[in-house]
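These notes are about the structure you will find just below.
Below, chain A is the first sequence line, B the second, and so on; all start at residue 1. Quantities reported herein were computed from a predicted structural model and do not represent experimental measurements.
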Amino acid sequence: GAGVSQSPSNKVTEKGKDVELRCDPISGHTALYWYRQSLGQGLEFLIYFQGNSAPDKSGLPSDRFSAERTGGSVSTLTIQRTQQEDSAVYLCASSPDRGVVYEQYFGPGTRLTVT
Amino acid sequence: GQNIDQPTEMTATEGAIVQINCTYQTSGFNGLFWYQQHAGEAPTFLSYNVLDGLEEKGRFSSFLSRSKGYSYLLLKELQMKDSASYLCAVSNWGGKLIFGQGTELSVKP
């Protein structure tokens with residue numbers, strides 16, 4: 001079946017502009033995660049949605065970052081007033097509600113470059 | 001706090017065995033994951049350990065000791081295609097993953 005998809009695959013924006021990144025999780029997956037990965041670094045957790053529960057926003061680096069998940073499916077990560085340090089690959093992952101095991105399936109990512 | 005340590009780089013020879021270590025200190029523990037990430041691609045799931053001991057899956061095995069906060073990924077019969085970054089991640093209560101920096105493995109002929 002279809003995997004996690006993300007759009008756009010690449011985004012170049014000017015410093016100070018707002019950007020929206022989209023994630024389509026695997027159908028039926030109740031959990032959705034956003035991470036970012038700077039060049040040569042590990043993945044940094046940003047935000048986590050699980051079903052109808054309040055999202056875990058503990059990883060968002062500043063109030064310029066926000067995310068929403070509409071209808072329990074598609075998610076949008078918004079970065080306002082982008083800064084050069086926001087340049088990174090933004091990865092989305094989803095997982096089924098399997099109780100103990102939370103294997104996450106990753107999308108191909110959106111490479112964001114802020115000039 | 002949360003801290004996950006793994007070596008930055010490793011080099012091994014085709015056909016050999018390599019062990020990638022990971023130590024962790026986290027505020028909660030609900031399992032340890034290993035992911036493989038080829039350059040420019042998304043991470044893909046390799047293994048999951050929640051109980052102490054060894055989990056074997058083909059050429060790859062993963063070990064966990066919760067009392068020592070320690071895991072390793074063992075890759076046997078190395079192939080050139082195994083050259084990739086290997087990410088250790090701990091799941092805390094609630095399901096989110098805390099990742100280490102990744103170990104860049106280079107397999108040489």
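- In this structure, B:Tyr35 and A:Gln104 have side chains that are in contact, with non-hydrogen atoms separated by less than 4.5 Å.
- In A:Glu85, the CD atom is crowded: over 12 heavy atoms of neighbouring residues, nucleotides or ligands sit closer than 6.0 Å.
- Between A:Tyr105 and B:Thr44, the closest side-chain pair of non-hydrogen atoms is not below 4.5 Å.
- The environment of A:Gln83 atom CD is dense: over 12 non-hydrogen atoms of other residues, nucleotides or ligands sit within 6.0 angstrom.
- Cluster annotation: B:Ile17 and B:Leu105 are assigned to distinct hydrophobic clusters (Ile/Leu/Val/Met/Phe/Trp/Tyr, side-chain heavy-atom contacts under 4.5 Å, transitive).
- One distance of note links OH of A:Tyr35 with CZ of B:Phe99; it measures 5.0 Å at 0.5 Å rounding.
- No single ILVMFWY cluster, assembled from side-chain heavy atoms under 4.5 Å apart, contains both B:Leu46 and B:Leu87.
- In the hydrophobic clustering of ILVMFWY residues, with side-chain heavy atoms under 4.5 Å counting as a link, A:Leu77 and A:Leu91 come out apart.
- For a residue to count as touching a neighbouring chain, one of its non-hydrogen atoms must lie under 4.5 Å from one of that chain's; by this rule A:Ser58 touches chain B with the side chain only.
- Interatomic distance, NZ of B:Lys96 versus CZ of A:Phe45, reported as 4.5 Å (0.5 Å rounding).
- Using a 4.5 Å cut-off between heavy atoms, B:Gln37 contacts chain A through its side chain alone, with no backbone atom that close.
- Across all non-hydrogen atoms, the minimal contact from A:Gly107 to B:Ala42 is O-CB, 2.9 Å.
- At a 4.5 Å heavy-atom cutoff, the contact between A:Leu43 and chain B is made by backbone and side-chain atoms alike.
- Hydrophobic clustering places B:Leu73 together with B:Met10 (ILVMFWY residues linked when any side-chain heavy atoms are closer than 4.5 Å, directly or through intermediates).
- Atoms CD and CD, from B:Gln101 and A:Glu44 in turn, are 10.0 Å apart once rounded to the nearest 0.5 Å.
- Both A:Tyr90 and A:Val114 are members of a single hydrophobic cluster when ILVMFWY side chains are connected at heavy-atom separations under 4.5 Å.
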